[in-house]
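Within every chain, numbering begins at 1; the chains are lettered A, B, ... in the order of the sequence lines, protein sequences first and strands thereafter. Hydrogens, waters and symmetry mates are skipped; everything else that's a heavy atom, side chains included, is used.
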There are 2 protein chains.
Amino acid sequence: MKRGSMNGQKPANIHDVAAHAGVSIKTVSRVLNREPNVTPKTRDRVLDAVQALSYRPNIFARSLASERSFIIGVIFDNPSAGYVAGIQYGALAKCREEGYHLLVEVFSEGEKDLGERVLTLVRESLLHGIIVTPPLSDSPEVLSALKESGTRFVRIAPERAMPDTLEVRIDDAKAAFDMTSHLIGLGHRRIGFIIGHPGHGAANQRFMGYKAALENAGIKLDPKLCVQGYFSYQSGMEAAERLLTLKNRPTAIFASNDDMAAAVLSTAHKHGLRTPEDLSVSGFDDTLIAQVVWPKLTTCRQPIAEMAAQAVSMLAQPPADKDAPKEALLEHELVIRESTAAPNA
Amino acid sequence: MKRGSMNGQKPANIHDVAAHAGVSIKTVSRVLNREPNVTPKTRDRVLDAVQALSYRPNIFARSLASERSFIIGVIFDNPSAGYVAGIQYGALAKCREEGYHLLVEVFSEGEKDLGERVLTLVRESLLHGIIVTPPLSDSPEVLSALKESGTRFVRIAPERAMPDTLEVRIDDAKAAFDMTSHLIGLGHRRIGFIIGHPGHGAANQRFMGYKAALENAGIKLDPKLCVQGYFSYQSGMEAAERLLTLKNRPTAIFASNDDMAAAVLSTAHKHGLRTPEDLSVSGFDDTLIAQVVWPKLTTCRQPIAEMAAQAVSMLAQPPADKDAPKEALLEHELVIRESTAAPNA
DNA sequence: CCGGAGTTTGACAAGGCTGTCATCAAGCGG
DNA sequence: CCGCTTGATGACAGCCTTGTCAAACTCCGG
């Protein structure tokens with residue numbers, strides 16, 4: 001009573017299937033892994049047996065033997081950030097397609113032993129590859145641990161390029177340029193800008209794009225109109241407060257992400273300013289929040305789900321040649337909603 | 001050159017550690033698993049070796065040999081739902097504490113082969129246990145697949161109780177009762193209610209609580225004031241539209257979740273109604289959105305992160321005796337913010 | 001100093017799968 | 001009909017750990 005077709009509790013294993021199909025376990029393995037050199041007839045017999053026994057390969061045995069994992073990791077700094085849902089959504093869809101599972105882990109930028117924890121994670125040989133999200137995508141500790149470990153990883157929206165490293169991004173500078181130009185096109189001259197978190201790669205790029213657009217339109221940059229934020233709602237409130245109490249306040253505010261833009265909206269309300277009549281507001285990311293505030297936010301859609309899907313694809317593919325493209329650049333899209341309009345005369 | 005302290009690329013394995021410490025692999029295993037009957041001296045030697053070689057047990061080998069997994073799964077219907085972040089946050093924190101990893105998977109209520117997919121997931125013996133979130137926590141297909149598979153699972157906020165099944169919940173009926181009573185206490189008599197998605201367990205409970213509070217205050221239930229929603233922002237807009245165009249419109253609206261409450265806010269704006277002067281609005285869940293809209297929402301805080309943490313704990317503990325508590329009931333909390341006030345005279 | 005109980009340790013077989021290499025059958029040119 | 005190549009299949013080791021069981025050692029009372 002060791003093993004066998006005995007339909008007891010235990011799930012069938014590869015030996016059961018082999019016995020049932022009248023072939024060797026290796027042949028079953030071949031069929032399951034789509035290896036070449038199996039007669040269609042044999043293949044069918046195996047497949048039937050698989051069906052009949054509801055066989056599913058044990059993922060641990062598989063991983064152990066083949067020294068590869070079918071689990072892809074995503075690491076976040078802050079699981080409450082707006083883009084998390086989008087990333088998971090995109091990654092999950094692609095994982096399913098490619099036969100992987102998705103494992104989530106959180107690492108806080110500041111925590112001690114960060115590098116050590118990252119190493120532990122990969123040393124367990126748990127992961128096939130890792131998706132690194134901002135701001136972790138620029139964390140020296142995480143990055144060097146990852147490099148050292150030899151695990152493949154792809155960085156989402158990193159600030160600094162790294163040689164020989166997989167990346168997925170949009171052109172943040174161009175996107176911010178476009179958004180700023182949209183506001184200028186509407187007739188705004190005094191456009192406030194709320195800078196994103198210094199640690200996040202995209203933050204600086206977006207600021208550059210803003211500046212470039214002003215320059216392009218011949219508008220002189222007013223440093224008073226550029227205030228530091230940290231991508232959080234709270235920081236957006238503070239930044240908006242400063243901008244709106246300026247002697248010569250801006251007629252439009254472009255916040256580096258939607259959370260801060262939502263904060264601007266609410267601060268403007270508090271000051272008795274109507275949006276967009278008295279103040280245009282635009283955000284960035286097109287997260288859920290953009291559509292849920294009133295008025296709906298004009299923002300820049302970052303195809304975050306596609307970016308994550310792309311990341312999974314890159315990891316799923318074999319390491320590829322030296323010269324394979326290391327970087328995927330996706331398209332952004334301006335989403336004009338109700339929060340921006342021409343300034344009052 | 002088979003194996004050994006050869007500090008090549010390959011990570012150290014248990015044999016290396018054993019050799020380095022001058023003990024058998026079994027002893028190393030004992031130390032690592034905190035099994036009894038190891039001399040402190042031996043333990044220290046092993047621990048030193050572990051340190052020296054940066055050894056981390058291979059999780060796949062471990063799982064294969066011990067027939068247990070160190071991965072807990074969470075399954076969602078919709079990864080963009082508001083509570084997802086909270087659940088992951090809480091679950092992740094506890095997982096880390098208990099030495100587990102968290103794997104995310106999405107199953108859509110309607111998809112075909114749902115049960116089959118669930119079975120596949122557990123047949124791979126990938127998971128130690130599964131956390132089932134609404135509305136999956138009441139999906140017959142998912143539930144029966146899970147029961148059949150023998151994998152332990154805990155349902156978050158399920159509607160119907162099931163025998164011999166782990167559950168974590170709040171008292172939704174009581175919470176809705178409290179919220180409704182708060183509005184009544186403010187002086188409201190005509191209180192609209194937006195019912196949640198019929199598939200979600202909590203939806204019905206909350207509706208019951210609303211009705212009970214009215215009855216308790218001697219207010220007759222007006223069916224026109226109760227409209228069906230689906231927990232989505234969009235459905236909230238539609239429901240609000242219907243309530244606000246009523247001949248005798250309510251002075252307060254209690255939406256079954258924050259997304260719908262935010263939609264009410266925005267619809268009210270559109271109708272030129274001020275909140276809370278002309279219309280009080282309250283939500284449920286206290287998700288991010290509640291603090292980000294203007295005015296900030298009065299809502300009922302559901303300790304979602306704690307619930308998830310609790311779920312992980314339940315799974316982490318050994319199956320426990322027959323009579324161990326199967327259900328954890330956590331406390332809710334009314335959060336009074338700016339969106340509710342006494343009705344205009 | 002002996003027998004027995006309890007503690008500490010180790011040898012070795014799983015566990016389910018893939019990789020390597022050998023084997024066997026079929027196909028083909030001469 | 002022979003020898004060779006190619007395609008299809010199988011036997012078996014190995015991946016790294018834990019579980020089982022036996023061996024060795026310690027401690028104790030008699």
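An OP1 or OP2 oxygen of D:dT18 is reached within less than 4.0 angstrom by a side-chain nitrogen or oxygen of B:S29. Between B:N37 and C:dG6 there is no side-chain N or O to OP1 or OP2 distance below 4.0 Å. A sub-4.0 Å separation between OP1 or OP2 of C:dG15 and a side-chain N or O of A:N58 is absent. At D:dG10, one or more side-chain N or O atoms of A:S24 fall inside 4.0 Å of OP1 or OP2 (strictly under the cut-off).
A:R56 contributes no side-chain N or O that forms a donor-acceptor pair with the base of C:dG16 under 3.5 Å. B:R30 contributes no side-chain N or O that forms a donor-acceptor pair with the base of D:dG19 under 3.5 Å.
The CG-P distance, from B:N13 to D:dC15, rounds to 8 Å in whole Å. Computed from coordinates, the A:E35 CD to D:dG7 P distance equals 15 Å when rounded to whole Å. Taking atom CZ of B:F60 as the reference point, atom C1' of C:dA14 lies 20 Å away to the nearest angstrom. Atom CZ in B:R68 sits about 15 Å away from atom P in D:dT17, given to the nearest Å. Here C:dA14 presents its P atom at 12 Å from NE2 of A:H15, a figure rounded to the nearest Å. Atom CD1 of A:I25 and atom P of C:dG19 are 12 Å apart (whole Å). Between the C1' atom of D:dG19 and the CG atom of B:N33 lies a distance of 11 Å, rounded to the nearest Å. For the pair A:R45 CZ and D:dA8 P, the interatomic distance rounds to 14 Å; values are reported in whole Å.
Across all strands shown, B:T42 has heavy atoms under 4.0 Å from sugar-phosphate atoms exclusively, and none from any base.
Among D:dC16, C:dT8, D:dT9, the nucleotide with an atom closest to any side-chain atom of A:L64 is D:dC16. With distances taken from any side-chain atom of B:T39 to the nucleotides C:dT8, C:dC17, D:dT17, the minimum falls on C:dT8. Side-chain proximity of A:T27 to C:dT18, D:dC15, D:dG10: nearest is D:dG10. In this structure, the nucleotide among D:dT18, C:dT9, D:dG10 sitting nearest to the side chain of A:V23 is D:dG10.
Interatomic distance, A:D48 CG to A:L53 CG, rounded to the nearest 0.5 Å: 10.5 Å.
With respect to A:E141 and A:K112, no salt bridge is recorded, no charged nitrogen being found less than 4.0 Å from a carboxylate O.
In this structure, B:K26 and B:A61 both approach DNA chain D, and ranking their closest nucleotides by distance from the 5' end singles out B:A61.
Other residues, nucleotides and ligands contribute over 12 non-hydrogen atoms within 6.0 Å of the OH atom of B:Y83. Taking a 6.0 Å sphere around OH of A:Y89, one finds it holds 12 or fewer heavy atoms contributed by other residues, nucleotides or ligands.
Looking at heavy atoms from C-beta onward, A:V17 lies out of side-chain contact with A:H20 at the 4.5 angstrom threshold.
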